[in-house]
Student: 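Have a look at this one.
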There are 2 protein chains.
Amino acid sequence: MDTFTALADPTRRSIIEMLAAEDRNAGDIAGAFTVSRPAISRHLRVLREAGLVSAREHGQQRIYTLEPSPLAEVAGWVNRYSAFWEERLDRLSVAVSARAREGNEQ
Amino acid sequence: MDTFTALADPTRRSIIEMLAAEDRNAGDIAGAFTVSRPAISRHLRVLREAGLVSAREHGQQRIYTLEPSPLAEVAGWVNRYSAFWEERLDRLSVAVSARAREGNEQ
DNA sequence: ACGTTACGTAACGTCAAGGTTACATATCTG
DNA sequence: CAGATATGTAACCTTGACGTTACGTAACGT
């Protein structure tokens, strides 16, 4: 599953936020949500397969750690097009008058 | 639909990339993909409802424009946690030896 | 060794996302 | 006005995402 898709689910984003604070085992993570533990287990699998988290075994527990490098890729994409925003803002006054002049482009 | 969900679909991300280059009408956008025009029309609706694009009418055409402010919100979220990455990188040498001691991830 | 704890997986149900074809509507053009 | 063009919507189908309950398995504690 693609990183964007992994981030589409709010529960998974919450898990990421939790793990940003500190590493946690699966049970702790599940305990923070109302949905069932198997459901969280699945979410963790999705996050693992997307490379967004990794798990290490510690006795019978699995401790999850945030792996932010896929996040960095997403940040790259998003920043490219929200940076475009700044650019647009800079050009805003120009664009407005240009459009008024042209009628419409395309 | 939430912005993250709107971004989860690769076709919609492509549309955003196209519109970052320049405004386009619906037909042009649809022409760039292999899926049917109604499918693209739906994607455009999703993007509109997420506030990621806006449309203005120009005769019988609808010209779509990228509206990057929701992207900026996403950028805010993502950057918050990929910024955490930098922090981790700073701590990398420490972390590596720590993990080597503890065992292994995943 | 045995029950308990921590986790994952299997099997299954439901619902919504995304695709298609067919159709409705509005605007151009001759 | 009549036909062509541009676009959205309706109806429908299929598939996959997400949830639940039931079960399997490995490590702990007594």
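Everything numeric in this text was worked out from a predicted model, so none of it was measured. Naming: A, B, ... by sequence-line order, numbering from 1 per chain.
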Student: Extract, from 5' to 3' on DNA chain C, the first and final nucleotides lying under 4.0 angstrom from some heavy atom of chain A.
Tutor: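 Taking any atom under 4.0 Å from a heavy atom of chain A, the span is C:dT5 to C:dT9.
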Student: Please check if the side chain of A:Arg62 supplies one atom and the backbone of A:Asn25 the other of a donor-acceptor pair under 3.5 Å.
Tutor: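 Here the side-chain-to-backbone pair does not exist.
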Student: Are the side chains of A:Glu73 and A:Thr3 in contact, using a 4.5 Å heavy-atom criterion?
Tutor: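 When only atoms from C-beta onward are counted, A:Glu73 and A:Thr3 do not touch, as no gap falls below 4.5 Å.
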Student: If every non-hydrogen atom of B:Leu52 is compared with every non-hydrogen atom of B:Ala6, which pair is closest and at what distance?
Tutor: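 Looking at all heavy atoms of both residues, the closest pair is CD1-CB, 3.8 Å.
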Student: For B:Glu49 and D:dT9, give me the distance from atom CD to atom C1', rounded to whole Å.
Tutor: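 Checked: the CD to C1' distance equals 13 Å.
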Student: In whole angstrom, what separates B:Arg56's CZ from D:dG8's P?
Tutor: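 Distance, rounded to whole Å: 14 Å.
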Student: Give the minimum heavy-atom separation between B:Pro70 and B:Ala50, together with the two atoms involved.
Tutor: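 Scanning both residues completely, I find the closest heavy atoms to be CG-O, 3.6 Å.
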Student: Nearest nucleotide by nearest heavy atom, which residue falls closer to the 5' end of DNA chain D, A:Gly59 or B:Gly27?
Tutor: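 By nearest-heavy-atom nucleotide position, the 5'-most residue is B:Gly27.
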Student: Return the set of residues passing side-chain hydrogen bond (donor to acceptor under 3.5 Å, both in side chains) with B:Thr5 (not counting sequence neighbours), or none when no residue passes.
Tutor: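 Listed in chain order: B:Asp2.
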Student: Could I get the full list of side-chain hydrogen bond (donor to acceptor under 3.5 Å, both in side chains) partners for B:Gln60, not counting sequence neighbours?
Tutor: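 In terms of side-chain hydrogen bond (donor to acceptor under 3.5 Å, both in side chains), with neighbours along the sequence ignored, B:Gln60 is linked to no residue.
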Student: Both distances under 3.5 Å, Watson-Crick or G-U wobble: report the partner of D:dT30, or none.
Tutor: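 WC or wobble partner is C:dA1.
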Student: Return the value, rounded to whole Å, for the distance between atom CD of B:Glu57 and atom C1' of D:dG8.
Tutor: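 In whole Å, D:dG8 C1' lies 11 Å from B:Glu57 CD.
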Student: Assign B:Tyr64 to base, sugar-phosphate, or nothing according to its heavy-atom contacts below 4.0 angstrom with the strands shown.
Tutor: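 Counting heavy atoms under 4.0 Å across all strands, the contact made by B:Tyr64 is with sugar-phosphate only.
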Student: Please list all pairs meeting side-chain hydrogen bond (donor to acceptor under 3.5 Å, both in side chains) that have one or both residues in residues 31-48 of chain B, counting only residues at least two apart or in different chains.
Tutor: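 Sorted result for residues 31-48 of chain B: B:Arg12-B:His43, B:Arg48-B:Tyr64.
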Student: Would you list the pairs meeting ring-ring contact (aromatic ring centres under 6.0 Å, His included) in which at least one residue belongs to residues 4-36 of chain B, sequence neighbours left out?
Tutor: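 Every pair satisfying ring-ring contact (aromatic ring centres under 6.0 Å, His included) with a residue in residues 4-36 of chain B: B:Phe4-B:Trp77.
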Student: Go through the N and O atoms of the side chain of B:Gln60 and the base of D:dT5, and report whether any donor-acceptor pair is under 3.5 Å.
Tutor: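 A donor-acceptor contact between them is present.
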Student: Mind checking A:Arg37 for me? I need base, sugar-phosphate or nothing, with any heavy atom below 4.0 Å counting as a touch.
Tutor: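 The residue A:Arg37 makes base contact.
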Student: Any protein N or O atoms within reach of nucleotides 13-18 of chain D? Criterion: under 3.5 Å, listing atom names and distances.
Tutor:
| unit_1 | atom_1 | unit_2 | atom_2 | d |
| --- | --- | --- | --- | --- |
| D:dC18 | OP1 | A:Asp9 | OD2 | 3.4 |
| D:dC18 | OP1 | A:Arg12 | NH2 | 3.3 |
| D:dC18 | OP2 | A:Arg12 | NH1 | 3.1 |
| D:dC18 | OP2 | A:Arg12 | NH2 | 3.4 |

Student: Going by the rule salt bridge (charged side-chain N to carboxylate O under 4.0 Å, His left out), which residues pair with A:Asp28 if we only count those two or more places apart in sequence or in a different chain?
Tutor: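 Partners of A:Asp28 under the salt bridge (charged side-chain N to carboxylate O under 4.0 Å, His left out) test: none.
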